[in-house]
Structures are given as C-alpha cells and as structure tokens.
Protein chains: 2
Amino acid sequence: MNPVNLKLLAQKLNLSIATVSRALQDSHEVSMQTKERVKALAAELNYQPNAYASSLRRNVSKTIGVVIPEVNNHFFSLAINGIEEVARQQGYHVLIYLTHDDHDREADITQYLTGGRVDGLLLSVAASASQDFSHLQKLYDSKPAIVFFDRVYEELPTASVTTNDYESGYLATRHLIEAGCRHIAHLLVSGNLSIGRMRMQGYRAALESHGLTFDETLVVNGNDNDEANTQLITDLLRQRPELDGIFASVERLAISSYQACHALGRAIPTDIKVVGFSNLGVAALLNPALTTITQPAYEIGREAATILLRAIEKKLPILPSQSVVLNSTLFPRRSTARG
Amino acid sequence: MNPVNLKLLAQKLNLSIATVSRALQDSHEVSMQTKERVKALAAELNYQPNAYASSLRRNVSKTIGVVIPEVNNHFFSLAINGIEEVARQQGYHVLIYLTHDDHDREADITQYLTGGRVDGLLLSVAASASQDFSHLQKLYDSKPAIVFFDRVYEELPTASVTTNDYESGYLATRHLIEAGCRHIAHLLVSGNLSIGRMRMQGYRAALESHGLTFDETLVVNGNDNDEANTQLITDLLRQRPELDGIFASVERLAISSYQACHALGRAIPTDIKVVGFSNLGVAALLNPALTTITQPAYEIGREAATILLRAIEKKLPILPSQSVVLNSTLFPRRSTARG
DNA sequence: TTTATCTACGTAAACGTTTCCAGCACACAG
DNA sequence: CTGTGTGCTGGAAACGTTTACGTAGATAAA
C-alpha cells in the first residue's frame with residue numbers, strides 16, 4: 001500500500017536498513033547526526049512503520065481485545081471509555097467484539113483470539129443459558145493475558161474487576177423492604193454467573209433477615225430481547241397481583257419493568273416500587289425518577305485495563321490476587337419513595 | 001507464544017509447509033487425502049494461523065477501524081452494533097478509537113492509522129472548534145478505504161452515510177412552532193461540520209417560513225462536558241426569559257436542557273418545549289416524555305460498514321456517488337405538547 | 001607497540017505466512 | 001518414442017521489521 005518503508009528510507013539516505021530502524025527507535029548505537037537525518041526524512045515522507053511486520057517480529061501486537069455482551073448499555077459503554085482511555089495512554093489499540101450474550105458467538109470469538117492477534121483480553125462473560133465454558137478454558141490455555149470484569153468466569157485463575165454484588169443485592173432489597181414492600185420480584189439475566197448468584201444471595205439474605213420468605217417463582221430470567229422481557233414482566237405482574245416491589249439486576253430489565261407497569265397502569269411508586277442496577281445518566285429524569293444501584297463503570301474499565309496492561313508490559317502472569325472489588329452506590333429516587 | 005504453526009504441522013505430517021498452507025485454504029492443488037490429514041491434525045492441535053504473518057504477506061489485515069467521538073451515546077453505540085454485525089459476518093475485526101471530540105486526538109489517531117493497520121476506516125468526525133482538517137487529508141492520501149457516517153468531512157471524495165439533516169432540522173423547528181413556540185433556541189455541537197450546518201439551515205428556514213426572525217444569539221454551541229453544557233443552558237434561560245422552545249441538535253444537549261429546566265423550575269412543556277435528536281431508548285419514559293428526532297443509528301452503522309467492506313473485498317475505490325441518505329423520524333411526545 | 005574498549009554502522013537471520021516456480025509421476029495423443 | 005497436459009508436492013522468495021553478530025576505525029590502556 002504505502003511504499004514508504006525502511007528500505008526506501010535506507011536507500012535515500014545511503015544507510016543500511018538496520019541503522020534506519022535503530023535510528024527511529026532512538027538506539028544509542030546510532031550517532032546523533034544520523035538519527036536526525038533519518039528522522040527528518042521519515043517525517044518528510046510521512047513514514048509509518050508497518051504494524052504487522054513489527055508485531056510478527058517482536059511477537060507483540062500492542063493490541064488488546066475487549067469481549068463484551070453489548071455496547072448499547074451504559075455500563076459497558078462507560079467501561080469501554082475507561083478501557084480506551086488507558087489503552088491510548090499506553091499506545092495500545094483496542095479491538096471490540098460483541099457476544100450479544102450468545103454462547104456460540106462468544107466461543108467463536110474466543111477461538112479467533114487464540115491466534116495471537118491480541119496481547120491481552122478484557123472479558124465480560126456472556127449471560128447465556130449454557131453452562132459450558134470450555135471455550136474459555138481453551139482460550140486460557142493458549143495463554144494470552146486475561147482480566148475479567150463484571151461478569152466473571154471464576155474457574156480461571158486470573159484477575160477480575162468486579163463490584164460488591166452481594167452487598168448491592170442486599171442493599172437494594174432492604175431498601176425496598178424498608179420502603180414497605182413485602183412481595184419483591186428479582187429480575188436477572190446472569191443466573192449461572194457468579195455475578196448473578198451473588199446478587200441473588202444478597203436478595204435472598206435481605207428477605208430472610210427481614211422475616212420475608214424467599215419465593216422461587218418471583219425470580220425471573222430475562223434475556224437480551226427487550227420486547228420479550230417486557231412481556232415476561234407483564235405476565236408476572238398479572239399473575240401475581242400482590243407484587244409490590246421489583247429488583248432488576250440489570251438496566252434493561254428495569255426499563256422493561258417501567259414499560260410493563262405503564263402498560264398495565266400500575267403506578268410507580270404507589271402500587272409498585274422499582275430499583276435497578278443501572279448506569280443510565282438520565283435515571284433521575286425518568287418518570288418517576290429511577291432508584292438505581294450504580295456501578296463505577298468507568299473506573300472498572302480503567303482498573304481492568306490497568307491491571308492487564310501492567311501485566312503485559314512486565315510480562316508477568318496475572319494472578320487472582322490482583323483482583324479488585326469496587327463499590328456500587330445506591331441512589332434512592334422517586335421510584336422507591338414511601339406511600 | 002503458541003508454537004503451533006505451519007512448520008510444526010508440516011513436520012508432524014511429513015509434508016512441506018507449502019502443502020500444509022494450501023491444504024488449510026482448500027486449494028484445489030492438494031489431494032483430498034492430504035487435505036483431510038492436515039485439517040485433522042490442525043483441529044487436534046488447535047492450530048490458529050498467525051494473523052500478523054498473514055497480514056504482512058497478503059497486505060490485507062481483515063480489520064477495519066472505527067473512529068468516533070464517544071461511545072457513551074446511544075447513537076454511536078447503536079451504530080457500533082450495526083458495524084460489528086456486518087464486520088463479523090464477513091470475518092472482519094473492528095478496532096475502536098474515541099476522539100472525545102478533540103481535534104488533536106483525532107489527528108493522532110488518524111496518523112496512527114496511515115500505517116496499514118486497517119484495510120478501511122469508518123469515520124465520524126470530531127466536532128471540535130478547529131477548522132483544520134489537514135489530518136484527514138493526510139489520512140486520505142495514504143489511501144485506506146474511508147466511509148464517513150453521520151459527521152462528514154465533505155472535502156474528501158469518498159462515500160458517506162448520513163440522514164436527512166436539513167429536513168429534520170426543519171421538521172423539529174416547525175413542530176415547535178406549531179406547538180406554539182415563538183422564541184426557539186438551537187443548541188448544537190458541530191457548527192463547523194456539514195451536519196451542523198444542515199440542521200441549522202433547516203432550523204432557520206422553518207423560522208423564516210413561519211414569519212419568525214432568526215436570532216443568532218439563540219444559537220448556542222455546547223461541547224462534550226455535560227456540566228458545562230447545563231450551565232450554559234441555565235445562563236441562556238435566565239438571560240432570555242422569553243424563550244419558549246429548545247431544539248437540541250444532539251442527545252446530550254437535550255438532557256442538559258431538561259436538567260437546566262428542572263433546576264430553574266421551568267415546566268416542560270408548559271413554560272418551555274423541548275425537542276432533541278436522540279436515540280435514547282427511554283425517551284418515552286422521561287419526565288416528561290421527550291419528543292425526539294431519531295436517526296436510524298443501527299442501519300447507518302450497517303450501511304456504512306457494508307459499503308466499506310464491499311469496496312475492500314472488490315478492491316474498488318469508494319465513490320461519493322455511493323453515498324446513502326437515510327431518514328430520521330420525529331416522535332412527538334409530551335415535551336412538546338400544546339398548552 | 002600491542003591489546004582492549006568503544007562507537008557507529010552493516011550483514012543476515014528470523015518471525016509465520018503465501019505464492020511463484022519449479023519438479024516429478026503419470027496419462028494420453030500424436 | 002516424443003511431446004503435452006494434469007495432479008500433486010516441495011523449494012525458496014517475499015512481505016517489513018527487529019536484532020544477534022560482525023567489523024572497521026578510533027581511542028585508551030598496557
């Protein structure tokens with residue numbers, strides 16, 4: 001494509017390719033004089049090193065992969081912001097792959113990535129129904145550096161960046177109980193991931209420590225289809241008229257809950273109260289303002305990328321002990337106001 | 001890293017590297033027998049070709065770059081969804097770069113990308129104050145395939161995917177006028193891009209064709225800092241108490257308008273009406289529900305990626321005539337209701 | 001003087017592919 | 001028997017870097 005390469009520079013300068021290469025890397029083995037000559041010409045001809053040749057030779061790509069369920073979700077888009085920020089600072093490129101919470105897509109993608117295309121990987125596991133994580137095991141065996149964030153597959157001995165999901169689940173549920181709820185549904189998408197289990201345990205513990213009984217039929221699994229979710233919630237609301245609280249474990253389910261309530265004419269917070277995990281910037285502007293558990297998404301992205309890039313640069317393995325747990329924050333708003 | 005390469009396969013099979021390579025590509029020059037032997041072993045050893053070696057040799061990277069202002073914005077995240085979708089279908093990888101609407105970052109990034117790292121580029125130009133587009137010119141000269149989407153730099157003779165911005169600006173403004181507004185502010189971020197100019201012209205034309213005079217001081221430029229924008233709008237509202245309509249040319253400014261109105265106690269839509277470009281899924285759930293002009297973001301992404309990949313695959317240049325204009329839709333909601 | 005050290009550069013191998021150019025064996029036509 | 005094709009395979013060059021190694025000349029140490 002662009003025929004400006006080391007060979008061309010070397011010819012024009014009557015130097016060897018080796019010297020030109022070294023000059024551009026500020027090697028001490030090259031005299032100041034030649035360095036300047038080389039750099040001047042390189043700048044003039046707008047020389048850009050061929051990334052692939054360099055990656056091939058050095059076995060280092062200066063590229064990280066980010067594998068996430070979706071990007072149209074404030075949590076993940078904020079996380080990407082954080083990731084891109086630190087990657088750019090350190091001269092890394094960011095490849096994005098979306099799984100749409102589909103197991104097979106995730107397997108395909110991770111399969112791709114065993115080929116050395118990336119130096120490291122940030123992964124937030126798909127919340128599919130499948131219990132099969134062999135693709136992640138395979139990926140791990142091909143040993144790129146991996147850091148999980150938010151949605152972790154715990155069996156791999158690597159680091160992860162998560163939030164205090166158990167406490168958050170507990171807090172959200174207690175908040176509803178204290179607002180007067182007695183029949184609280186729990187909506188989630190990632191029941192078979194640790195994140196889902198933790199939030200669930202928090203929910204359950206809060207119920208039980210307040211003398212409420214845990215009812216399995218009030219736990220509903222959604223997916224990534226908003227209409228289907230809204231329908232699911234509508235059905236639930238109809239079948240269980242005693243329901244007076246909803247704890248949505250993920251943003252889209254909180255939104256669907258609003259939609260279902262609007263459709264059925266259930267007033268929030270009078271008839272039913274809603275709290276949801278969400279990074280929606282406009283939560284406070286909703287009708288009514290949505291009480292949220294908000295994760296520090298941007299910081300999670302930064303933190304995960306930092307751990308990953310540090311390990312790559314120092315060529316050290318990533319240990320589970322480097323894991324970080326950040327705290328989410330509960331923002332009480334109208335949707336859970338008393339009376 | 002992973003030492004499973006063609007050489008290893010060749011050794012184990014007592015074949016030459018050339019034959020193994022050809023077998024894996026289903027070349028007709030290899031007997032069925034050997035093909036199967038090769039593929040079996042490759043699968044068994046989990047062979048993944050080295051992407052960099054391949055890219056180097058073929059001068060093709062199967063990677064496209066996406067350069068956008070931000071990802072934490074529904075328009076762009078939906079667009080990325082569309083882009084990733086078609087890229088994945090065709091076996092392409094997607095590199096993401098965020099400019100944060102900063103001219104210098106954009107210049108840095110495009111500089112990077114002249115190095116042949118990507119086969120093509122999808123670009124939505126940063127809405128900075130700068131009038132300097134020499135970095136884009138330079139990028140173009142290094143001839144990767146480029147398709148602009150939404151925010152176009154018109155001077156480059158390549159294709160773009162946009163929406164009917166003039167009509168949308170006209171429609172939004174007329175909608176406000178018909179709802180009774182007489183003093184309408186226009187908030188925008190991209191005054192020096194064609195997209196900004198088009199929307200502005202639509203705004204102006206609607207005013208004038210309805211006997212209202214265009215007032216330059218009602219046109220306000222925001223940036224990517226939400227607090228600053230809210231402050232800006234608050235100031236405007238205070239200084240111009242006669243204001244009864246806001247046309248926000250970009251999602252974040254509509255949100256900031258809500259915040260400013262809430263803070264000042266101006267009731268929407270009674271005191272002031274708001275319409276905004278937005279892909280916010282929860283627009284209908286806002287308080288009050290926000291009237292939006294919604295761009296077909298997902299389709300824009302798909303369309304842009306399709307044009308780009310077709311050109312790359314066929315090795316044809318991209319012509320301005322391949323440009324596509326899609327239609328946005330006005331969704332009237334409470335925020336512009338009469339009375 | 002010789003020997004060691006240092007500076008500044010060149011030669012060439014290597015990274016893992018792809019692909020051009022053979023070559024060989026065999027078949028078949030003239 | 002010669003020529004021509006065809007089916008399969010291997011050797012080796014090439015892509016653009018980086019880098020181990022070598023070397024020539026200069027300077028310093030012995």
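Just so it is clear: chains get the letters A, B, ... in the order the sequence lines come, proteins before strands, and each one is counted from 1. Atom set for the values below is all heavy atoms of this structure, side chains included, hydrogens, waters and symmetry mates excluded.
If you measure from atom CG of B:Asn14 to atom P of D:dG11, you get 11 Å, rounded to the nearest angstrom. Atoms CG (B:Asn5) and P (C:dG16) sit 5 Å apart, rounded to a whole Å. Separating the CG atom of A:Asn59 from the P atom of D:dT17 is a distance of 18 Å, rounded to the nearest angstrom. In this structure, B:Leu24 places its CG atom 15 Å from C1' of C:dT19, rounding to the nearest Å. Atom-to-atom, NZ of B:Lys7 to C1' of C:dT18 comes out at 16 Å; the value is rounded to the nearest Å. The CG-C1' distance, from A:Leu8 to D:dG16, rounds to 12 Å in whole Å. Rounded to a whole Å, the CG atom of B:Leu9 is 12 Å from the P atom of C:dT18. Between the CG atom of A:Leu15 and the P atom of C:dC9 there is a distance of 7 Å, given to the nearest Å.
When each of C:dG16, D:dG10, C:dT11 is scored by its nearest atom to the side-chain atoms of B:Arg22, the top-ranked nucleotide is D:dG10. Side-chain atoms of B:Leu6 lie closest to C:dT18 of the nucleotides D:dT17, C:dT18, C:dG16.
Considering only residues two or more places apart in sequence or on other chains, B:Arg105 meets the salt bridge (Lys or Arg N to Asp or Glu O under 4.0 Å) condition with A:Glu85. Judged as a salt bridge (Lys or Arg N to Asp or Glu O under 4.0 Å), and not counting sequence neighbours, the contacts of A:Glu313 are A:Lys62.
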Polar atom pairs (N or O), protein with nucleotides 12-14 of chain D, under 3.5 Å:
unit_1: D:dA14; atom_1: N3; unit_2: B:Arg57; atom_2: NH1; d: 3.1

Do any N or O atoms of the protein come closer than 3.5 Å to N or O atoms of nucleotides 22-28 of chain C, and which pairs are they?
none

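A:Ser21 comes within contact range of at least one nucleobase, with a heavy-atom separation under 4.0 Å. Within 4.0 Å (heavy atoms only), B:Ser55 reaches no atom of the nucleic acid at all.
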For a quick test of your reading: what N or O donor-acceptor pairs under 3.5 Å do the side chains of residues 299-306 of chain B make, sequence neighbours left out?
unit_1: B:Thr306; atom_1: OG1; unit_2: B:Arg302; atom_2: O; d: 2.6

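The aromatic rings of B:His103 and B:His135 lie perpendicular to each other, with more than 60° between the two planes, well past the 30° mark.
No side-chain donor-acceptor contact under 3.5 Å links B:Glu106 to the backbone of B:Thr99. Side-chain atoms of B:Ser55 come within 3.5 Å of backbone N or O of B:Ala51 as a donor-acceptor pair. No donor-acceptor distance shorter than 3.5 angstrom exists from the side chain of B:Ser190 to the backbone of B:Leu193, with no hydrogens or angles considered. In terms of modelled atom types and a separation under 3.5 Å, the side chain of A:Gln137 and the main chain of A:Phe133 share no donor-acceptor contact.
Under 3.5 Å, the side chains of A:Asp150 and A:Ser124 contain no donor-acceptor pair of N or O atoms. Between the side chains of A:Ser130 and A:Asp132, no donor N or O sits under 3.5 Å from an acceptor N or O.
At D:dT17, one or more side-chain N or O atoms of A:Tyr47 fall inside 4.0 Å of OP1 or OP2 (strictly under the cut-off).
Residues B:Arg151 and B:Asp101 meet the side-chain proximity criterion, which asks for heavy atoms closer than 4.5 Å.
The terminal axes of the helix from C:dT1-D:dA30 to C:dG30-D:dC1, fitted over 5 pairs per end, subtend an angle of 60° to the nearest 10°.
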Quiz item: Passes side chain to side chain donor-acceptor pair (under 3.5 Å), B:Asn73 versus B:Glu70? Steps please.
Solution: CA-CA 7 Å; B:Asn73 165 314; B:Glu70 47 176 353; 3.2 Å; yes
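For A:Ala53 and B:Arg58, each mapped to the nucleotide of DNA chain C holding its nearest heavy atom, the one lying further toward the 5' end belongs to A:Ala53. Ranked by how close their nearest DNA chain D nucleotide is to the 5' end, A:Ser54 and B:Lys35 are led by B:Lys35. Comparing A:Thr19 and B:Asn50 against DNA chain C, the residue whose closest nucleotide sits nearer the 5' end is A:Thr19.
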